Each structure stands twice: as structure tokens, then as C-alpha cells.
K.L.:
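Take this structure, written in C-alpha cells, and hold onto it; I'll ask about it next.
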Protein chains: 2
Amino acid sequence: MQLRRHDVLDGAIAILDEYGLADLTMRRLASSLHVQPGALYWHFPNKQTLLGAVADRILEPIDAPVTAVSWDGQLLELAHRLRDALLSIRDGAELVSATYASRLTTTQAREKFVKAALRAGMPRPEAELAAYTLLYYVLGHTVDEQSRMQMDSYGALTEDASPLFETPDATARFDFGLQLFVGGVRNRLGDRVRA
Amino acid sequence: MQLRRHDVLDGAIAILDEYGLADLTMRRLASSLHVQPGALYWHFPNKQTLLGAVADRILEPIDAPVTAVSWDGQLLELAHRLRDALLSIRDGAELVSATYASRLTTTQAREKFVKAALRAGMPRPEAELAAYTLLYYVLGHTVDEQSRMQMDSYGALTEDASPLFETPDATARFDFGLQLFVGGVRNRLGDRVRA
DNA sequence: ACCTGAACACCGTTCAAGT
DNA sequence: ACCTGAACACCGTTCAAGT
């Protein structure tokens, strides 16, 4: 019957997925676990830390080894895996982008992106900058995409014909930006070779 | 002595710049204006709307006409202007990126980016996607940059040698991603021409 | 070691009533 | 038209005290 750190995280994920980030409060989480709010503070020093742990959970799938061999294939694979992880749970993108203010730096995910960029033939410092550029894009796009899903699901049901959705589906739009990025990297490497 | 909508915004900006977004509460704002909290709700329906108005204020400088003539010059100019606007006030990037969950759609800023992309020779749907891609990058980069400025200013004073800051300065790092993006657009246009 | 009870210092929002 | 007073329904966090 004892409350474990693991159970707290499970409870947090459950509330997040059912009711959304706004309803993920310490008090609500405590009561869903049949426990007083203060009890949570034995397992986590504060809410921010708890949310960080939830974010890590969401991003776990990214740690699987990359199967693609080409650098661009690896980047695409990683970007899609990140997006999929964020979309796998309600408000996942918002939570991760909010708690990772600068925590992306510490993440394994970041290092994986960097490695793929290194494989493309970029020097370390450039590869890191390129990795960040791609991460910003994936996060920004996915936060936007997910918030629109929420808005569409209840309320404004495509009232005024969303001005942008003649464009295929969300995945195709995501891929467009990805291709732009990969093209940018390719373009830069080309310059270097020709110089 | 009457409170005007304009004064409320001025007060909000003042609190934001002096104490940060976390301290920008309706109650704190009200008391800084020597008024009861409820008074604010005569001028704004809720906090979200007020923050939206603050965000619009911050982004005003972007509405100035673009001086560059080439499409890539225009994109660089707009991106820098956006970044400068966000950095001009404490937590500006965080506020804008938080309140513009999907409000970027409605913004003049977005349309300006689209126009520059059209000028590059992209068809409408692609130009819109490219504009979003760039916007996500600028917002993501600037939120990160500004949050790090805050962290550096008090507290963790580059204790463990921030792993990434051998790279020049923030502006140079920003430009790297910009060039990557422009290169991506150029690359894509090249394909089209050659095809 | 792990949790309760109870408090502290806050929030955003509403709304009758005042002027 | 514009604001006050006062309440409602919440927050995150702390900490003595219990088991």
C-alpha cells in the first residue's frame, strides 16, 4: 500500500492524458492517489521536478537505437520519433517544451541529434548548432500541431475554414520542414566541399 | 484618474520587465495600479486576453516596412527584428511563445514571413510552411537564449563551463540556424529549377 | 521512513452594490 | 461607465506531529 515514486509518475501521466496539463496539479494528483498533498513532497522536492520526471518518461522511446544508416535518414528517424513521443500523450509537446526550458541540453535526445549531424560531416560546434535548430523546429511544430488538435476536437469546429489546411496532413507538413532542414545541411556541406 | 486600457497594458509591461512573467498576476497588477483586482475585468475579459495584448505590444516593431530587397535579405531582417523584439523585454520570448499557442496564425508577422518566401519563388502553400518553419526556429532559439540569460545573471554562474558556449556569441549562433534555413530554401528552389 | 493535519501565502474570476 | 468589497474555488509548499 505504500506510495512509490513510480506510482506518483503513473498517476501524473494518467491525469495528463485524461484531463490535460492544466488539471495536473499537486492537489489533484494527491487526491487521485488517495493521499494528502504534502505526501508528494516526500517523493519529489517540488512540482517542477515532478514534471521533469514526467517529461523524461514521455521521451523514453527516443533512447532506442537508430536503425537508419545515412545521416539524413537518422535525422528524419529521430525527428519523427521525437514527434511521435510528444504526440503519444495529451499536452505532451507543451509539457516537454515548458519543462525543457534549457533542459534539452542535458538530454540524451540532444546528443543523438548531434551524432547524426556529425555523421553528415559537420565539425562539432556546427553539428551542435544544427541539432538545436532541428530540435527547436520539432518542438515548435509539434506544440502547434497538438494544440490545434485540441482546439479542433471540441469548440471551434473548423468554423472559418482554417486558412492553412488545404495542405495535406500534419505529417506531410512536418516532413516539409524536415526536408528544408536537411537541404540546408546538405547545402552547407556542399559549399564546404566546393571551397 | 480613470484607468484606461492603455494604462493597464503599461502597468503589465512594467511588472513584466522588472519582476518577470511569474510575478505578472492580476492581483499584483491591480495593486500596482492602486485598484481592486476586479477592476481589471472591466477592461479585459480575462488574463489570457490581457497577455495577448501585451504580446501584441511586444511585437509591434515588426510591423515596420522591410528595407531589404532580396528575399533572403528580407527573411534575415524579419527574423532578426522578431528576435530583437522578443529580447527587448524580460521574459518576452516566453510570453509570446506561450500566448501564441496558435495565435501566430493571426499575426501580421506571419504574413510578412510568407511574403518574403513567396518572393523567393515558392508557391503559396510551400511559402506558408516555410514561414512557419522559420518562426518555430526563431521562437525556440530566442526562448532558450533568454532563459539562459536569466539563469546566468543570478545563480549558476557558468559553474560547470556551459558545454556549448565556446561557440561565438548568441547572435552568431542565431545566424547559423538562419543560414541553414535560407540554404534549405535555396536548395529546394534549385531542385525545382533543375527539374 | 513515510504520511497526516493544518496552516501560510498566494492565485483567477465573479458579482452585487456603490458612485 | 467604471470600480469596490467580498466572496468562491482553487493553487504550491511547509512542517510539526503521528505511526
Side-chain angles (χ1 to χ4, degrees), chain A residues 1-57 90-91 94-96 98-101 103 147 150 155, chain B residues 1-57 90-91 94-96 98-101 103 147 150 155:
Chain A
M1 284 304 305
Q2 267 225 125
L3 195 62
R4 304 171 175 292
R5 202 188 129 94
H6 186 268
D7 304 326
V8 178
L9 286 180
D10 283 349
I13 297 266
I15 291 179
L16 185 64
D17 209 27
E18 262 192 275
Y19 305 98
L21 186 56
D23 283 339
L24 180 47
T25 69
M26 296 302 266
R27 287 170 175 277
R28 209 165 189 309
L29 175 56
S31 88
S32 89
L33 296 167
H34 307 292
V35 113
Q36 296 297 316
L40 300 178
Y41 289 83
W42 202 92
H43 299 276
F44 294 91
N46 51 49
K47 185 178 182 180
Q48 207 194 165
T49 306
L50 195 158
L51 290 181
V54 173
D56 287 340
R57 251 288 174 100
R90 162 118 92 129
D91 290 342
E94 194 188 340
L95 186 154
V96 168
T99 61
Y100 277 43
R103 283 196 60 222
S147 92
Q150 224 98 356
Chain B
M1 286 303 308
Q2 268 227 126
L3 194 61
R4 304 172 173 292
R5 200 189 130 93
H6 186 269
D7 304 324
V8 177
L9 286 179
D10 283 349
I13 296 265
I15 291 179
L16 186 63
D17 209 25
E18 263 193 274
Y19 305 98
L21 185 55
D23 283 339
L24 181 46
T25 69
M26 297 303 265
R27 286 168 176 277
R28 212 167 189 304
L29 175 56
S31 88
S32 90
L33 296 167
H34 307 291
V35 112
Q36 297 295 317
L40 300 178
Y41 289 83
W42 202 93
H43 299 276
F44 295 90
N46 50 48
K47 186 178 182 180
Q48 206 194 167
T49 306
L50 196 158
L51 290 181
V54 173
D56 287 341
R57 250 286 175 102
R90 161 118 90 129
D91 291 341
E94 194 187 339
L95 187 153
V96 168
T99 63
Y100 276 44
R103 281 196 60 222
S147 92
Q150 225 97 355

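Order of the sequence lines sets the chain letters (A, B, ...), proteins ahead of strands, with each chain counted from 1. All values reported here derive from a predicted model rather than from experimental measurement.
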K.L.:
Measuring only the P atom in each nucleotide, how far is D/dA9 from C/dC10? A whole number of Å is fine.
P.N.:
22 Å
K.L.:
If the condition is side-chain contact (heavy atoms from CB on, under 4.5 Å), which residues does B/T49 pass it with, not counting sequence neighbours?
P.N.:
B/F44, B/P45, B/N46
K.L.:
Find the runs of at least 3 consecutive base pairs, i with j, i+1 with j-1 and so on, that include DNA chain D, using Watson-Crick or G-U wobble geometry with both distances under 3.5 Å.
P.N.:
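The stems that DNA chain D takes part in, listed by first number, are C:4-8 with D:12-16, C:12-16 with D:4-8.
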K.L.:
Given A/L51, which of A/L95, A/V96, A/L16, A/D56 fulfils the side chain to side chain contact (heavy atoms under 4.5 Å, CB included) condition?
P.N.:
A/L95
K.L.:
Between A/H43 and C/dA1, is there a side-chain N or O to OP1/OP2 distance below 4.0 Å?
P.N.:
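Checking C/dA1 against A/H43, no side-chain N or O comes under 4.0 Å of OP1 or OP2.
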K.L.:
Just verifying a value: how many Å separate B/L24 CG and B/R90 CZ, rounded to the nearest 0.5 Å?
P.N.:
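If I round to the nearest 0.5 Å, the distance is 11.5 Å.
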K.L.:
By the salt bridge (Lys or Arg N to Asp or Glu O under 4.0 Å) test, which pairs, at least two apart or in different chains, include something from residues 11-36 of chain B?
P.N.:
none
K.L.:
Round to a whole Å and report the spacing from CG of B/L40 to C1' of D/dT4.
P.N.:
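B/L40 atom CG is separated from D/dT4 atom C1' by 13 Å.
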K.L.:
Identify each donor-acceptor pair in which a side-chain atom of residues 32-42 of chain A lies under 3.5 Å from a protein atom, sequence neighbours left out, and give them as a table.
P.N.:
from  : atom 1 : to    : atom 2 : distance (Å)
A/S32 : OG     : A/L29 : O      : 3.0

K.L.:
Between D/dA17 and C/dC2, how far apart are the two C1' atoms, rounded to whole Å?
P.N.:
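Straight-line distance between the two C1' atoms is 13 Å.
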K.L.:
Quick check: do A/D91 and A/Q150 have side-chain heavy atoms less than 4.5 Å from each other?
P.N.:
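In contact.
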K.L.:
Protein within reach of the bases, or only the backbone? For nucleotides 5-19 of chain D, mark each nucleotide 5' to 3' as B, S or -, using heavy atoms under 4.0 Å.
P.N.:
S-B---BBBB-----
K.L.:
Applying salt bridge (charged side-chain N to carboxylate O under 4.0 Å, His left out), name anything that partners A/R57, two or more places apart in sequence or on another chain.
P.N.:
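Result, salt bridge (charged side-chain N to carboxylate O under 4.0 Å, His left out) vs A/R57: A/D10.
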K.L.:
Looking at every heavy atom in both A/T25 and A/K47, which two are closest together, and how far apart are they?
P.N.:
CA-NZ, 4.1 Å
